[in-house]
S.K.: 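Right, I'll just put the structure down here and ask away after.
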Amino acid sequence: MLTSRQVVDAIADLFAGEGADDYLGEDVTQAEHMLQAAALAAAEGAPPALVAAALLHDVGHFRGAVHGRELMSGGRDNRHSHQGADWLAPWFGPAVTEPVRLHVAAKRYLCAVEPEYFALLSPASVHTLSVQGGPMSPAEATAFAAEPFAQDAVRLRRWDDAAKDASVAVPDFDHYREMLAALTGAGDE
Ligand SMILES: [Fe+2]
């Protein structure tokens, strides 16, 4: 079992490595995007687990990123939300992993229940919506809203959508190390 510090170091390495890649056609890198999402969550006073979920929400893009992008460009959902949540699950509880798992579904949900939401999406996000299944049906939206972490996922989704501003400076990964270590269920050194 990895120690808390090893878990956080492993995530830091992902941010420093693959995190420098661009974020699916947006003006920011993957790491900048995730750090901006975390800063927005913190600015709204979200609890640490939800700030962590915002910080880590696209970690599924890091694992086998090339393969994932091929799937996406091939017109299919790359399921990065589920891959990310599954990758985090050995170390973090559901208050972190479930908003990550549901953040793509939350986009499909918001498109179904808030007509004005769609207008806020970036062109890249509109494209991925189509390969993620499009807006939810009314039945799907009702089922989504009943999920235990649905509202956290919706909050995360709005930070995700706003975290694409190349002109913003936000705290770096090290700012979150202590918070992440405290949230891991791994043993301390
Ligand atoms: Fe994102």
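Hydrogens, waters and symmetry mates are skipped; everything else that's a heavy atom, side chains included, is used. Order of listing sets the numbers, starting from 1, for every ligand and every atom in it.
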S.K.: So how far is it from K164 NZ to H33 NE2, rounded to the nearest 0.5 Å?
M.R.: 6.0 Å
S.K.: Is a side-chain donor-acceptor pair under 3.5 Å present for H80 with H103?
M.R.: yes
S.K.: Any chance you could measure E32, atom CD, to D165, atom CG, to the nearest 0.5 Å?
M.R.: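 Between atom CD of E32 and atom CG of D165 there are 10.0 Å.
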S.K.: With a cut-off of 2.8 Å, how many protein N, O or S atoms neighbour the Fe ion (ligand 1)?
M.R.: 5
S.K.: Between R158 and D161, is the closest basic N to carboxylate O distance under 4.0 Å?
M.R.: no
S.K.: Just list the side-chain donor-acceptor pairs under 3.5 Å for residues 38-56, sequence neighbours left out, or say none.
M.R.:
| unit_1 | atom_1 | unit_2 | atom_2 | d |
| --- | --- | --- | --- | --- |
| E44 | OE1 | R155 | NH2 | 3.3 |
| E44 | OE2 | W159 | NE1 | 3.1 |

S.K.: Just how far is it from atom OG of S122 to atom NE2 of H127, taken to the nearest 0.5 Å?
M.R.: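 Going from the OG atom of S122 to the NE2 atom of H127 covers 11.0 Å.
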